[in-house]
Number of protein chains: 2
Amino acid sequence: MTKLENFYNQIKNSPVFFGMSDDELKGLLECFNARIRKYEKDEMIIRQGDMISNIYLILEGGVNIEKDSYWGRRIIISRLGKNDNLALSFVGSKDVESSVDAIAVEDTLVLVLSYEKCTSMCQNACTRHKVLINNLFQILSKENIELIQKIENVSQKTIRDKLMTYLSNEAMKNHSNRFEIQFNRQDLADYLNVDRSAMSFELSKLQKEGLISYNKNRFELLS
Amino acid sequence: MTKLENFYNQIKNSPVFFGMSDDELKGLLECFNARIRKYEKDEMIIRQGDMISNIYLILEGGVNIEKDSYWGRRIIISRLGKNDNLALSFVGSKDVESSVDAIAVEDTLVLVLSYEKCTSMCQNACTRHKVLINNLFQILSKENIELIQKIENVSQKTIRDKLMTYLSNEAMKNHSNRFEIQFNRQDLADYLNVDRSAMSFELSKLQKEGLISYNKNRFELLS
DNA sequence: TTATTTTTGTTGTATAAACAACAGAAATGT
DNA sequence: ACATTTCTGTTGTTTATACAACAAAAATAA
């Protein structure tokens, strides 16, 4: 069931609505005309050029943020999952259209809020809006830091260095040397901005040299 | 003179304080313990690992946001100038230390505000704080979008494509095919993540082929 | 189960970029 | 004005990666 009520607890505990009372949250969901949308695998949620006036919160599933480069090269900016927001920066920047695509990589449920509608109505006056904007500020901060980390990943010189930087960062995020990655090989290559086959080869080499071990999407860093 | 009063108009019109009344701004500057700091060329304003509890606003000069990669490679994340903010995302993310350096590339004046001090005092209650956080949200949005653009720049396959993508984006920002870039050649190479000499060679080639023309830091895109 | 499609790994070859070393130009200091 | 330092452009060589083509494995469908 994709009813709002079924996800109420998850929504209440998501970063966007963190710190709100039940009353505030309920009022806000109503005021923002909250509804749940379902996207199938490979469906486009946002496309390059769209004007974004909604806040999107992923309730279930996974989403790739991608960009098609001038000559058809696919760049994966990031992979988002449960409790992440989509395209928040394009909500914050008035009159800027999305420069990226958001694509469901599996069946995905998204909570959609009409941000503009509400803010124009309440003129930023209500207390719940104050809490919300505070949360949005913090969420964007985190996104920012993760984009910087992505830049670090892809800015390494060799495929080997990109892989090791990426895997180290993932290990850090998971507080463990054993972790699962979300990307398949092609997506990881598009994220690290390298050729898939060359990357596969380098992964094997790293394993043979005893630096890492992996099986499918489970990786382990061996110091 | 580096007195606050001398920069009052510039501060008032900066994105951070946009939309505030004189009274609000004056109160806020006091409450946030605003002061101006001067940094010499090549001086570090922020270093990797610092905890950031201040809002920094560049009044004059230029700043590189950099990161030293694992084996001493320099990565330039972005170049900031007048009216830009430093390290805002690390203010928004509690308990996260800076993952980047901020380095003055020329003599630079920075307005410094003790963000934490004030927010803990006023408990987000004052109206000026509400306006501020709204502005910060928008500023971070823009930063986010620019980071995505940087990712696009460095994610091109060849040096030539990186250069053309970068130059096109600069032309777009300047609303003109003739524009000046802020980077010198070494900095541009570190920004695009390529070897300087190879990049210089490619620039010459582009000029010989009639795609661009340049003289020092002035570029022109010839369609 | 078997057949089909998708994903992942392997290899050889062509190509682009890093690197090193240097020369000339421009900027800076004295 | 001169000396010195910094910046930019040029070239040859080495090295890493993209690309293509294919094989093996895994996942999915029939």
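Reminder, nothing fancy here: chain letters follow the sequence lines and each chain counts from 1.
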Subject >> Test ring-ring contact (aromatic ring centres under 6.0 Å, His included) applied to A:Y191 - qualifying residues, sequence neighbours left out >> reply: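 ring-ring contact (aromatic ring centres under 6.0 Å, His included) list for A:Y191, sorted by chain: A:Y166, A:F183.
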
Original post:
With the sugar-phosphate defined as primed atoms, P, OP1 and OP2, and the base as all remaining atoms, what B/S/- string results for nucleotides 8-17 of chain D, 5' to 3', for protein heavy atoms under 4.0 Å?
Top reply: BBBB-----S

Original post:
Between the two end axes of the helix from C:dT1-D:dA30 to C:dT30-D:dA1, each built from 5 base pairs, what angle do you get to the nearest 10°?
Top reply: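 For the helix from C:dT1-D:dA30 to C:dT30-D:dA1, the axes at opposite ends meet at about 60°.
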
Subject >> A:D190: partners by salt bridge (charged side-chain N to carboxylate O under 4.0 Å, His left out), with sequence neighbours left out >> reply: A:R74

Side-chain heavy atoms of [X] within contact of [Y], under 4.5 Å:
X      : Y      : answer
A:E66  : A:M44  : no
B:E143 : B:L88  : yes
B:Y39  : B:I103 : no

Original post:
Once you round it to whole Å, what is the distance between P of D:dA20 and CE of A:M199?
Top reply: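 Atom CE in A:M199 sits about 18 Å away from atom P in D:dA20.
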
Original post:
Atom CG in A:L136, atom CG in B:L136: separation rounded to 0.5 Å?
Top reply: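 Going from the CG atom of A:L136 to the CG atom of B:L136 covers 12.5 Å.
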
Subject >> Verdict with supporting geometry, B:N184 and B:Q186, side chain to side chain donor-acceptor pair (under 3.5 Å) >> reply: CA-CA 6 Å; B:N184 61 27; B:Q186 183 61 63; over 6 Å; no

Subject >> Partners passing side chain to side chain contact (heavy atoms under 4.5 Å, CB included) against A:E146 (at least two apart in sequence or in another chain) >> reply: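 Side chain to side chain contact (heavy atoms under 4.5 Å, CB included) list for A:E146, sorted by chain: empty.
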
Original post:
First and last nucleotide of DNA chain C in contact with chain B, 5' to 3', at under 4.0 Å to a heavy atom: what are they?
Top reply: C:dA17 to C:dA27

Original post:
Within 45 degrees of the axis of the six-membered ring of A:Y214 and under 6.0 Å from its centre: does A:R218 put its NZ or CZ there?
Top reply: no

Original post:
Hey, mind stepping through A:D101 and A:I65 against side-chain contact (heavy atoms from CB on, under 4.5 Å) and telling me if it holds?
Top reply: CA-CA 6 Å; A:D101 298 325; A:I65 303 299; over 6 Å; no

